[in-house]
A.B. asks: 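I'd like to ask some things about the structure below.
We count ligands from 1, going down the list as the structure has it; atoms in each ligand are counted the same way. Only heavy atoms go into these numbers, but all of them, side chains included; no hydrogens, no water, no symmetry mates.
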Amino acid sequence: MQKNIFLHFSRELVDQPIMSTLIRKYDVEVNILQATITPNEEGTMFVQLRGNEEKLEHALGYLVANGVDVMVKPRRIHFHEDLCTSCGACVAHCLPGALYVEEDTRKVLYDEDLCIACELCIPACPFRAVEMAKTSVGGEV
Ligand code: SF4
Ligand code: SF4
């Protein structure tokens with residue numbers, strides 16, 4: 001099972017070994033896709049957590065109990081299939097593989113379930129085929 005989550009660390013938490021504890025004690029696989037953390041300042045991370053459902057639940061509980069703001073897929077993008085030329089320029093920027101080349105057709109497709117809304121594909125697309133959605137999934141911001 002996999003969860004794509006957005007984490008926000010307060011200034012007090014930035015220097016804490018929270019991610020290493022998550023891996024060691026909660027036995028989940030952590031893939032950090034994007035991080036902006038400066039010592040003594042706030043930090044944000046887009047991460048993929050992998051493990052069975054129980055382990056993921058415990059891991060998320062640990063984060064919340066330690067004061068980390070956890071948002072599961074806080075935003076999403078719009079993929080405009082009609083504007084996409086399948087040029088592939090975005091694919092290498094999409095670390096979770098939400099934008100990918102379909103083997104048979106060589107068309108670029110979008111899998112919303114994998115998208116963590118990191119926005120890296122937006123400047124990469126010369127045809128404006130991807131943009132941030134105006135509303136978010138489940139009403140979250
Ligand atoms: S925002 Fe774009 S680059 Fe980021 S995960 Fe979603 S599709 Fe991939
Ligand atoms: S960069 Fe834009 S046009 Fe090219 S494949 Fe990606 S979404 Fe489609």
A.B. asks: How many protein N, O or S atoms sit closer than 2.8 Å to atom 4 (Fe) of ligand 2?
C.D. replies: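 Those protein atoms number 1 in total.
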
A.B. asks: Among N31, I32, L33, which one satisfies side chain to side chain contact (heavy atoms under 4.5 Å, CB included) with V47?
C.D. replies: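 Among the candidates, only I32 passes.
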
A.B. asks: Would you call V28 and L22 a side-chain contact if the rule is heavy atoms closer than 4.5 Å?
C.D. replies: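 V28 vs L22: side chains touch.
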
A.B. asks: Under a 4.5 Å cut-off applied to non-hydrogen side-chain atoms, are L99 and F79 in contact?
C.D. replies: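 They are in side-chain contact.
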
A.B. asks: Is S86 reaching over with its side chain to a backbone N or O of V108, donor-acceptor style, under 3.5 angstrom?
C.D. replies: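 A pair under 3.5 Å: yes.
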
A.B. asks: Passes side-chain contact (heavy atoms from CB on, under 4.5 Å), T44 versus L7? Steps please.
C.D. replies: CA-CA 5 Å; T44 58; L7 305 175; over 6 Å; no

A.B. asks: Would you list the protein N, O or S atoms within less than 2.8 Å of atom 6 (Fe) of ligand 1, leaving out water?
C.D. replies: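 C115 SG, with waters left out.
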
A.B. asks: Quick one: are K3 and Q48 in side-chain contact, heavy atoms under 4.5 Å?
C.D. replies: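 Side chain of K3 against side chain of Q48, heavy atoms only: no contact under 4.5 Å found.
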
A.B. asks: Of all the heavy-atom pairs spanning L114 and P96, show the shortest one and how long it is.
C.D. replies: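 Heavy-atom minimum between the residues: O-CB, 3.4 Å.
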
A.B. asks: First locate atom NE2 of H80, then atom CZ of F127, and finally report the distance between them rounded to the nearest 0.5 Å.
C.D. replies: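 Going from NE2 on H80 over to CZ on F127, the span is 14.5 Å.
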
A.B. asks: Considering only heavy atoms of F79, which atoms of ligand 2 have at least one such atom less than 4.0 Å away?
C.D. replies: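 Listed by number with element, the hits are 7 (S).
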
A.B. asks: What do the steps show when you test M45 against F9 for side-chain contact (heavy atoms from CB on, under 4.5 Å), and what is the final call?
C.D. replies: CA-CA 8 Å; M45 268 189 201; F9 296 83; 4.1 Å; yes

A.B. asks: So does V68 get a backbone contact from the side chain of N66, meaning a donor-acceptor N/O pair under 3.5 Å?
C.D. replies: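 No, N66 side chain to V68 backbone: no donor-acceptor pair under 3.5 Å.
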
